[in-house]
Each structure stands twice: as C-alpha cells, then as structure tokens.
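Counting starts at 1 for both ligands and their atoms, following the listed order.
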Amino acid sequence: MLKFFIQTYGCQANVADSQAIANFLVNLDCEQVFTENQADLILINTCAIRDKAEQKIYSYIGRLAKLQKQNSLLKIIIVGCIASYKKQEFYSRFNFITFVNGAREDKNILRDKLIEVVMLSQSSKNVLDIDLKFGGIKQEKKHSTQAFVNIMTGCNNFCTYCIVPFTRGREVSYSSQEILEKIKQDIILGAKEIVLLGQNVNSYKCPKSNINFASLLEAVAELDGEFWIRFVSPHPKDMTLDVIKIMAKYPDKICAFMHLPLQSGSNKILELMNRGYNTEKYLEQVGWVKEYLPHATISTDIIVGFPGETEKDFQDTIDIIKKIKFDNIFSFIFSPRKFTKAILMQDDLSYDQKQARLDFLQKLQVDISRENNEKYLGKILKCLVEKEAVNGMLLARSSGNHTVLFNGNIELIDSFVNINIDKVSATNLVGSLIK
Ligand code: SAH
Ligand code: SF4
Ligand code: F3S
C-alpha cells in the first residue's frame, strides 16, 4: 500500500485541493500518513502570496533532499500556486523532484501522474473516474468535520499587489448543481461544516442558471441535515444586502461570521490597490451586518506599507479599525510580487518603518479582540467540536469563528455542544461543557 504525505501551504483553496488529492489517493487504496519519513510519496501544495511564504516553502523542500537520499524510491510532487510559474526553477533547483503541476494546469495531468506513481508501487484495482476538482466521490474513510467546497476558481480582480490572478488564472464559477451534489455527499459522509470557497465568493455566477451567490447560499441552507455553513472570502466590491439578508434568514445554518477584507482605511491607497470600493462603501456594508446580524463577528485583512502609504494613510487605517472594532485582523506587510503592477510603484518606506506600523496595528488589535471577547463571559455559545487541542483540551469553533477550548471526551469531536464561557483572551475563549 502506497503511503502519502501532503504538506499544504496557503489559503483554503489549497486546503480544498489537498483534500481532493487525498480523497483521490485514498480511493486508489493508498494510505495517508502524517509524517514525512513514513511516506513513499510527498506532495507539497505551494503558496505564492508573499515572498516570506515562498522562501519558507523552498527551505522545506530543500530539507527533503536528505529523505530522498535515504530512500531513492521516494517520489516528490509539487503542486499549487508557485508551481504555476516556477516549474523549471523547481526542476533545476531541486533535482530530486519527481513532478511539478501548477494550480492553473489541467487537473487530468496531475491525476494521470498520480495514477502512474500508484501503479508503479502497487497494483491498484480501484482506478475510478474521480474528478480532482471536486475530490473523490466514493470515500469510505470517515469524513473530516469541515468540508471545503470550491464554488469557483481563479480571480478577475487584479488588485495591484496580488499574484493570485496569475497563479490561478481567470475566475470561473462551477455549476450550482455540481456544487449542491458535492455538498449533499459531504453531509451524508458526516461533514458538519460546509465552507464555500472562492477568491471572491460573492461574484459567483452559475454558468448554467441564474443562480448568484445569495441564491446559492440559500440553496445550501435549504438542504436537510444539521450542519453549519461558512464562506470565504467575499469582496466588498461585490457585496450586496441580499447576501446578508439570506444569512439573517437562516441563523441556525449560516454562521454569524463575516470575513470582509478591507486592506486599507485610506481611499487613496484603496484606489492604488485597484480594490473597486472606498471606505464609505465598506462602512455601509459593515452597517448592514451590524443591523441584520447583530451577533455576528467581523474579521478582515489589512496590508500595511503599500507603496505610497503615508503616515496619514496609515492613521486612516488605524481610525477605521478603532471605529469598526473587528473581532480579528489578518495583517501583513506589503510584499512586492512578480507580474503585479505594484512591484513597479515607487516605494519609499523602509522595511523597519513598515514593521513598526504592523506592530502598532497588531498591538491595537490584541486589545480590541480581547475587549470584544469579554462580551462572551458568562454566555453560552453553541460550538462545533473539531479536534483535540495541544493542551489536551478539546478545540471547538463558535458560529462567530472563535476558537473555544473546553474539557471533554474526544467522542464529542464532530458534534455540536453548548459551552459556558468562563475565561477569554484576545485569541480564544475557554469554557465548560453544558450537559
Ligand atoms: N481574495 C481575497 C484575498 C486572498 S489573499 C480578497 O481579495 O480579499 C489573502 C490576503 O493576503 C489578502 O486579503 C491580502 O491582505 C494579503 N495579500 C495578498 N497579496 C499580498 C501582498 N503582495 N503583500 C502582502 N499581503 C498580501
Ligand atoms: Fe487577489 Fe484581489 Fe483577487 Fe483577492 S480579489 S485574490 S486580493 S486579486
Ligand atoms: Fe496562496 Fe494561491 Fe491561495 S498564492 S493564498 S495558495 S490562491
């Protein structure tokens, strides 16, 4: 039996692709292992979003050379976003790599390669016609708590800092019928949380019907079963009140959680980023969320140190953060990326100055997150139990996407529980199980 290990970097799109590859290999009678040195095949799913991410992946691959020396039969396959544009570089820099397949390439090429690798190592009787885009249909092993469902691929927005449209190609929505079929399967197999994925989910448009994102969300919420629905990421440029009204209509199914990437609080910078909205429009959307979903949490992404960001522009970002009081912020220093327009923009700020802005923002957000979390002290939250936490407690997630730790039996994994919140920090909530 061939043993495979998958190392996944990057966003949920990569997580979904890795899940699909794992399902495919399991259906070919292979076994997934969770350390590199047990594996006959190592897959690395790469991310190109920032230079730091990219460098980290190269050093990881470099370290695999040693394993390859010990086991000359070990196969190493690189997939994902860096593989979209650095195929030759991978082959020349790491001569022990077996195969490279970029995120934009035809998935059948990867599929055929995987089948070849499996055939060489075992006589699989089970070469099914499985579509890697959506993962294995026939899957006997137990499902993970969350099912990641790509509703589209690629992106057409060309934000001036972003490499994704180049690594993933143009935006293509999948058919709503295929999506709903996949979700029904996931629910039958035991998934308790359906995560709808796309770089800009709310520009979803079914190629075969007039279903848009709001109506797709409603169709998923109408499916039978006890499960939650989340989606990442909507784009403020395309956010409509319809989506928020659907969320409010299905409070038991659709999580009260909105990750709405802002990027900057300065209209000048938003324009230079080609984001297609201004802060006024963004604040209006946050207002909709607060009005229709008063218990919802809101998180965002912020880039600091974009070319041309003055102290005043940065202050505008700080002001809007103080005004909205996000529950969580993913913040990054601008990283110049190949192919993008921003790489050519004049950038006068030193890296240290950018780092100082990031530190300031993150410190402020720790205080805001803790303050927001204090509202939950003494409250009971319905949570979905995901796994064991490192400290031996169980890790659950609330509808608002809080990490909630509590003591309980591991048999509770995959089920919904009610937890009384006793303690909070900026990053998580700690509570006790209500029997
Ligand atoms: N499609 C999503 C974002 C996907 S990338 C959206 O448009 O909101 C996730 C986040 O990485 C982005 O929101 C942005 O904050 C950050 N990011 C993307 N490119 C970056 C770059 N070149 N430098 C720093 N951060 C970047
Ligand atoms: Fe990148 Fe912008 Fe597309 Fe998001 S919307 S993936 S930031 S180009
Ligand atoms: Fe990274 Fe590709 Fe996602 S660049 S963030 S894995 S789309």
Whether I333 lies under 4.0 Å from ligand 1, heavy atom: yes
Review point. Does at least one non-hydrogen atom of N200 fall below 4.0 angstrom from an atom of ligand 1?
Key: no
Top protein contact for [atom], by heavy-atom distance:
{"atom": "atom 8 (O) of ligand 1", "value": "P261 CG, 2.9 Å"}
{"atom": "atom 7 (S) of ligand 2", "value": "Y161 OH, 3.3 Å"}
{"atom": "atom 23 (N) of ligand 1", "value": "S335 N, 2.9 Å"}
{"atom": "atom 9 (C) of ligand 1", "value": "D301 OD2, 3.8 Å"}
{"atom": "atom 20 (C) of ligand 1", "value": "Y161 CD1, 3.7 Å"}
{"atom": "atom 14 (C) of ligand 1", "value": "Q263 OE1, 3.5 Å"}

Is it the side chain (CB and beyond), the backbone, both or neither of [X] that lies under 4.0 Å from ligand 1, heavy atoms counted?
{"X": "F332", "result": "side chain"}
{"X": "R275", "result": "side chain"}
{"X": "Q199", "result": "both"}
{"X": "I49", "result": "both"}

Counting only protein N, O or S atoms and ignoring waters, those under 2.8 Å from atom 3 (Fe) of ligand 2 are C155 SG
| query | Does some non-hydrogen atom of Q199 fall short of 4.0 Å from ligand 3? | reply | yes
What pairs of donor and acceptor atoms, side-chain ones from residues 187-200 against any protein atom, are under 3.5 angstrom apart with sequence neighbours left out?
unit_1	atom_1	unit_2	atom_2	d
K192	NZ	D414	O	3.3
E193	OE2	Q146	NE2	3.0
E193	OE2	R230	NE	2.9
N200	ND2	D238	OD2	3.1

Near R275 (heavy-atom distance under 4.0 Å), the atoms of ligand 2 are 2 (Fe), 7 (S)
Charged N-O contact under 4.0 Å between [X] and [Y]:
{"X": "E222", "Y": "K253", "value": "no"}
{"X": "K184", "Y": "E181", "value": "yes"}
{"X": "K268", "Y": "D313", "value": "yes"}
{"X": "E54", "Y": "K86", "value": "yes"}
{"X": "K312", "Y": "D319", "value": "no"}
{"X": "K245", "Y": "E218", "value": "no"}
{"X": "K182", "Y": "D186", "value": "yes"}

Could you list the donor-acceptor pairs under 3.5 angstrom formed between side-chain atoms of residues 112-119 and any protein atom two or more places apart in sequence or on another chain?
unit_1	atom_1	unit_2	atom_2	d
K113	NZ	E116	OE2	3.3

Atoms of type N, O or S from the protein that sit nearer than 2.8 Å to atom 2 (Fe) of ligand 3 number exactly 1
Report the relative orientation of the aromatic rings in Y282 and Y277; use parallel for angles under 30°, tilted for 30 to 60°, perpendicular for over 60°.
-> tilted
